[in-house]
Amino acid sequence: EIRGIKKELGIDEEPKLTVNSLEVLRKRYLLKNDKGENIETPAQMFRRVASAIASADRKYGSDVKRAEESFFRSMSKLEFLPNSPTLFNAGTGTNFAMSACYVLPVEDSLEGIFTTLKNMALIEQTGGGVGFDFSRLRPSGDIVRSTKGVASGPVSFMRIFDTATDVIKSGGKRRGAMMAVLRVDHPDILEFITSKSKQNILTNFNISVAATDKFMNAVEKGEDYDLINPRTGKIVKKLNASEVWDKMMENAWQSGDPGVVFIDEINRHNPTPRAGKIEATNPCGEQPLLPYESCNLGSINLSRMITRTGELNWEKIRDAIHNSVHFLDNVIDVNPYPLEEIDIITRLNRKIGLGVMGFADLLIRMNIPYDSNDALDLGEKIAAFFEKEAVNASEELAMQRGIFPNFSGSIWSDKSEGRRNATVTTIAPTGTISIIAGCSSGIEPLFAVAFMRHVLGGARLFEINPLFERIAKDRGFYSVVLMEKIAKYGTIQNIKEIPEDVRRIFVTAHDISPQWHVKMQAAFQKHTENAVSKTVNLPQNSTPEDIEKIYMMAYKLKCKGVTVYRYGSKGEQVLNLGLDK
Ligand code: ADP
């Protein structure tokens, strides 16, 4: 009855949220008044976002109200969520942009560097993350003609960006996240590789070495390769590729950094080579972009795409993909870009990144262990379906709204009649939106079966995986003592009172061998136009040689990059997930 009355009054049903979800929404997403009190409910937030994003349809003469309803429904049923900045900023009238991902160029001049710093600040204010390639900066010790001085090099400038980010903290919503890339042939590469080896330095940065094919070949042959001064284009030194590679592995072993981006593989898939070369990715690596390009992401919650009989509901997924592509394409039109340069290139390419979350939950519900060939097959099948249907949706939009302006001259121009978007798919980490949706993040395995979650402001939330809790109760082995024991260990693999088949299904990130992590990343990458966010977890007692095998495997399997996390090796992490030991 209440439902009927609400409907008559035009009041939306509130979504069914977990305690953690509500906590996160209240703290950071729901609008607040001057006193810091929430002035909207989750349903009102989804309505605000749906209405702001649907308004783009007006321009194309399509049914705005219908679009708004389907956007609202998909979000409030937690079937689809856009990246955080869209939830933060859409329809608030703040003029803050709605994309999660940016890449800014860094020019080799004081003026250029500090312009980029300012631009970074403007982006961080909106909750977006920025990637930079510092390779154009002259190396340390090089001359500075105007002052007759000595250049201090990329790493010293990275410190300024890091400090500025500390101060900005995205208006208290989230601390900033940045990616620093340096080409492996830059003369300061060794300093860069070790730049995060001490604790609490450059904490707002993930760093990645841009490894070229030439370098990877030299590593395999144990040969020397050239370092080039970007200012002069001259070879200044030779290094042994294997030695540099080993240094990278040692440091990745010690601190998780540097990761690697396989920059030539990325550029082989650059959809608009005539518009420029890709030099960097966004902070978590899933979105390679041209200088000044931005991209907005969105993710479909696979755990909500299952039929009553426990099968994947492909029809429902198809509808969700078409609806989400429509949504993300609209964001491009209504997005108030922080800079004119970003506005221009973003609208020329119209990149969007649709992906998935809740993959691990899906596997559990389908009784498939994450580290199995069945899981790889399913992952690849899902990625292929997403790519195919997202491209279909983009082609349909192109017919109604026009192709993306850089289409001719793009790699699609002889493969497609016309697309609305230069890229359509990306696998994001979904660090926060998966908490809102109450599902496992991205394509990651469960982090733990029960754990303490840290959120901004020092609060900690106790969490038991709801699927596990239900099975434990159904099968009669649930007890509070057991749950506490699990939270302490994180893993259930050695807890004998839990049935063997349950343990096999509830494998966590650290139970799974690193090779399976890479294989899953590669399975999704095979059918993803942008890149795949994935952390390869390694046990604490693994060696730099183990990491070497993983990085090489990722290269051979045509991943676009790779990041590892050896248990216990990182102090504080950029993203706010963490095991409490
Ligand atoms: P969310 O779940 O909040 O939408 P994701 O965890 O999926 O975000 O991350 C997607 C991208 O959003 C990252 O690669 C990065 O570009 C950006 N991002 C994530 N967290 C932050 C942060 N704390 N500050 C700035 N940008 C961020």
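Just so you know, ligand 1 is whichever comes first in the structure, and atom 1 is the first atom listed for that ligand.
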Only heavy atoms of [X], strictly under 4.0 Å: list the atoms of ligand 1 that pass.
| X | answer |
| --- | --- |
| Ser84 | 1 (P), 3 (O), 4 (O) |
| Gly128 | 25 (C), 26 (N) |
| Cys284 | 13 (C), 14 (O) |
| Glu286 | 10 (C), 11 (C), 13 (C), 14 (O) |
| Gly127 | 25 (C), 26 (N) |
| Ala428 | 7 (O) |
| Gly176 | 24 (N) |
| Thr430 | 2 (O), 5 (P), 6 (O), 7 (O) |

Check your understanding: Do Tyr370 and Phe359 come within less than 4.5 Å of each other through their side chains, counting heavy atoms only?
Key ->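 Side-chain contact under 4.5 Å: yes.
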N/O donor-acceptor pair under 3.5 Å between [X] side chain and [Y] backbone:
| X | Y | value |
| --- | --- | --- |
| Glu444 | Thr535 | yes |
| Thr346 | Asp343 | no |
| Asn38 | Arg26 | yes |
| Ser440 | Leu446 | no |
| Ser208 | Val181 | no |

Review point. Looking at ligand 1, does any of its N/O atoms fall within less than 3.5 Å of an N/O of Gly129?
Key: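 For ligand 1, there is an N or O atom that lies under 3.5 Å from one belonging to Gly129.
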Point to revise | Leu297-ligand 1 polar pair, N/O distance under 3.5 Å | key: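 N/O-N/O distance below 3.5 Å does not exist for this pair.
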Check your understanding: How about Ser135 and Asp133: does a side-chain donor come under 3.5 Å of a side-chain acceptor?
Key ->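 Indeed, the side chains of Ser135 and Asp133 share at least one donor-acceptor pair under 3.5 Å.
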Exercise for review: Report the part of Asn83 (side chain from C-beta onward, or backbone N, CA, C, O) that has a heavy atom under 4.0 Å from ligand 1; answer both or neither where that applies.
Suggested key: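 Near ligand 1, Asn83 shows its backbone as well as its side chain.
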Check your understanding: Run the side-chain hydrogen bond (donor to acceptor under 3.5 Å, both in side chains) check on Asn335 and Ser99 step by step: do they pass?
Key -> CA-CA 8 Å; Asn335 205 353; Ser99 307; 3.0 Å; yes
